[in-house]
K.L.:
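Below you'll find the structure I mean.
Lettering follows sequence order; numbering is per chain, from 1. Side chains are part of it too, since the values below use all heavy atoms of this structure and drop only hydrogens, waters and symmetry mates.
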Number of protein chains: 2
Amino acid sequence: MLSHALSSTPSLLLPLAHTKHCEAPAPRTLHEHFSRAPTRAIAAKEHVFTEGDPRFHLYRVEVGAICLYKVMPDGRRQVLGFAYPGDLIGLGACDDHQCNAQATKRSQLRSVPWSTVQRLARQDPALGLKLYEAISQELAAAHDLLLTTGQRSAAERVATFLLAMVRRSRRNGQDATVIDLPMTRADIGDFLGLTIETVSRTFTKLRQLAIIDLAQSARVRVLDIEALEGLAQGDVDL
Amino acid sequence: MLSHALSSTPSLLLPLAHTKHCEAPAPRTLHEHFSRAPTRAIAAKEHVFTEGDPRFHLYRVEVGAICLYKVMPDGRRQVLGFAYPGDLIGLGACDDHQCNAQATKRSQLRSVPWSTVQRLARQDPALGLKLYEAISQELAAAHDLLLTTGQRSAAERVATFLLAMVRRSRRNGQDATVIDLPMTRADIGDFLGLTIETVSRTFTKLRQLAIIDLAQSARVRVLDIEALEGLAQGDVDL
DNA sequence: CGAACCATTGACCACCTTCAATGCGAGTGG
DNA sequence: CCACTCGCATTGAAGGTGGTCAATGGTTCG
């Protein structure tokens, strides 16, 4: 989610461009502000912000994975998405955060105060456009997820989820056939509108059909991506 | 959806401020551009745009109701939302429309070319912010709907839907206890991730419990809004 | 090494869907 | 004006998908 719209090349890929703290000129772009900001370590399960918190910062994920979710008074939870390195979180127009952001594992973030973002946006009209593009991508992701949770069967949902992970992996130039899932079955279930058990059972069925391999529960090797695509579109019935 | 963020007072409430076509100065604000644009009539079931169309215009609904939806190759449909008078449709960053927009009944729209919007946004930084706010409201609506389709039961979904209609009616200063539904049961079902039959049965149950009255199938009178709120939050089980 | 957390698997059942028939209302033409 | 028709809504019966409850197994971390 939010990938690319505002992210430049992940810093991991630029180990030689070491940050220059002392002699640097005043930061002008949002990217420069992020690069200069200290990284903040977040423990697994720790919250970055929760619903209702004042919106003080714009965050960029550097390492790990952040789960964005909403909760109902009785505890039911809907995961809205996951943010990965390069993604921005904390976008939005109103004064308070509208959802919770929780690390699914040890992570690292950088942040820039919203007041700084707004100042930059006033100087640079292109930044406003970038922010608009970023949030518009988030909207497209939400609409895709709506189609999934509203209309697809359990198998279709899980297949769709795995395919999205594969595509993200591909965009990052990694081996697309092996995916490391940085979240629990509960996170996946609450993302797809399914229970833990249904997610688990569906993974098992995919394994039995030799569509995926599950050496470890958090590591999925995709063996038959076409079958996965067929499942996701409802061409076959599992 | 999108209500308020960019809409000024609905023109219906300003009958005396009649549009001046000939001697008017060059339009400066987006609102002026909209007010000056001719209204376009849309028949029931007619499409304003479809998925994949180039994004030429930003539209404002003047009269009626527009249904925004996505479809899967096999015909399954997810309604993303409904746009009512004052709401903007056609927002988004990429070159093509990502969803379909179809009138649920006879409607009227005005439109402004995106090129004009972009020119105005360059002149007026506040407009960029307004657009950002508008799309961010759409995102919030999508997230709310996700919580509903992903986690709530059929009765909770219908109750949530009716409550949203009541609140919208209240914001417009209308009698909040009587709602005219400008869409079919199929639209509601595809919005909530339910079948027509389930929607209909749920309406019937609400009527039997004297929570609503259904003189006509498109006219709902809310008799017990607290019961509706209880249902929406899952406090009671229908 | 133990304990806590997470994932898997099974049995049962509830809710919603599917399929089918009937009812209702608006619009059209005779 | 009425009959006809079509689209939409309602209602019923049956079945399936996914949820719930419960027990076991595996992994990781202190």
K.L.:
Within the 4.5 Å heavy-atom criterion, are A:Val63 and A:Ser107 side-chain neighbours or not?
P.N.:
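Side chain of A:Val63 against side chain of A:Ser107, heavy atoms only: no contact under 4.5 Å found.
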
K.L.:
Partners of B:Ala140 by side-chain contact (heavy atoms from CB on, under 4.5 Å), sequence neighbours excluded?
P.N.:
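With sequence neighbours excluded, B:Ala140 shows a side-chain contact (heavy atoms from CB on, under 4.5 Å) to A:Gln98, given in chain and number order.
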
K.L.:
Could you tell me from which nucleotide to which nucleotide of DNA chain C, 5' to 3', there is an atom under 4.0 Å from chain A heavy atoms?
P.N.:
C:dC6 to C:dA11

K.L.:
List for me each residue that meets salt bridge (Lys or Arg N to Asp or Glu O under 4.0 Å) alongside B:Glu51, sequence neighbours excluded, and say none if there are none.
P.N.:
B:Lys70

K.L.:
In chain order, what residues pass the salt bridge (Lys or Arg N to Asp or Glu O under 4.0 Å) check against B:Asp180, with sequence neighbours excluded?
P.N.:
B:Arg219

K.L.:
Side chains of B:Leu238 and B:Leu231, heavy atoms from C-beta outward: is any pair under 4.5 Å?
P.N.:
yes

K.L.:
With heavy-atom distances below 4.5 Å as the criterion, would you say the side chains of B:Leu163 and B:Ile225 are in contact?
P.N.:
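They are in contact (side-chain heavy atoms under 4.5 Å apart), so the answer is yes.
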
K.L.:
Between the side chain of B:Arg110 and the main-chain N/O of B:Ala37, is any donor-acceptor distance below 3.5 Å?
P.N.:
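Present.
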
K.L.:
In a table with atom names and distances, give each donor-acceptor pair under 3.5 Å that connects a side chain of residues 199-210 of chain A to protein atoms at least two apart or in another chain.
P.N.:
from, atom 1, to, atom 2, distance (Å)
A:Thr202, OG1, A:Thr198, O, 2.6
A:Thr204, OG1, A:Ser200, O, 3.0

K.L.:
Could you list by number each residue of residues 189-209 of chain B showing a heavy-atom separation from DNA chain C of less than 4.0 Å, or answer none if no residue does?
P.N.:
B:Gly193, B:Leu194, B:Thr195, B:Glu197, B:Thr198, B:Arg201

K.L.:
The criterion is salt bridge (Lys or Arg N to Asp or Glu O under 4.0 Å); which residues satisfy it with B:Arg77, sequence neighbours excluded?
P.N.:
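Here the qualifying residues are B:Asp187, B:Asp190.
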
K.L.:
Of all of residues 149-165 of chain B, which get a heavy atom below 4.0 angstrom from DNA chain D, listed by number?
P.N.:
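Per residue number, the list is empty: none.
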
K.L.:
Can you check whether A:Asp74 reaches B:Gln233 side chain to side chain, under 4.5 Å on heavy atoms?
P.N.:
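A:Asp74 vs B:Gln233: side chains apart.
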
K.L.:
Would you mind reporting whether B:Leu88 and B:Phe34 have side-chain heavy atoms less than 4.5 Å apart?
P.N.:
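Yes, at least one pair of side-chain atoms sits under 4.5 Å.
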
K.L.:
If you look only at pairs with a residue in residues 147-166 of chain B, which of them pass as a salt bridge (charged side-chain N to carboxylate O under 4.0 Å, His left out), with sequence neighbours excluded?
P.N.:
A:Arg76-B:Glu156

K.L.:
With a 4.5 Å limit on heavy-atom distance, are the side chains of A:Leu162 and A:Val222 in contact?
P.N.:
no

K.L.:
Taking five pairs at each end of the helix from C:dC1-D:dG30 to C:dG30-D:dC1, what angle separates the two helix axes (nearest 10°)?
P.N.:
40°

K.L.:
Partners of A:Lys105 by salt bridge (Lys or Arg N to Asp or Glu O under 4.0 Å), sequence neighbours excluded?
P.N.:
none

K.L.:
Which nucleotide of DNA chain D is the first, and which the last, in the 5' to 3' direction, to come under 4.0 Å of a heavy atom belonging to chain B?
P.N.:
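Terminal contacting nucleotides, 5' to 3': D:dC8 to D:dA13.
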
K.L.:
Going by heavy atoms in the side chains, are B:Thr148 and B:Phe161 under 4.5 Å from each other?
P.N.:
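Of all side-chain heavy-atom pairs linking B:Phe161 with B:Thr148, none is under 4.5 Å.
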
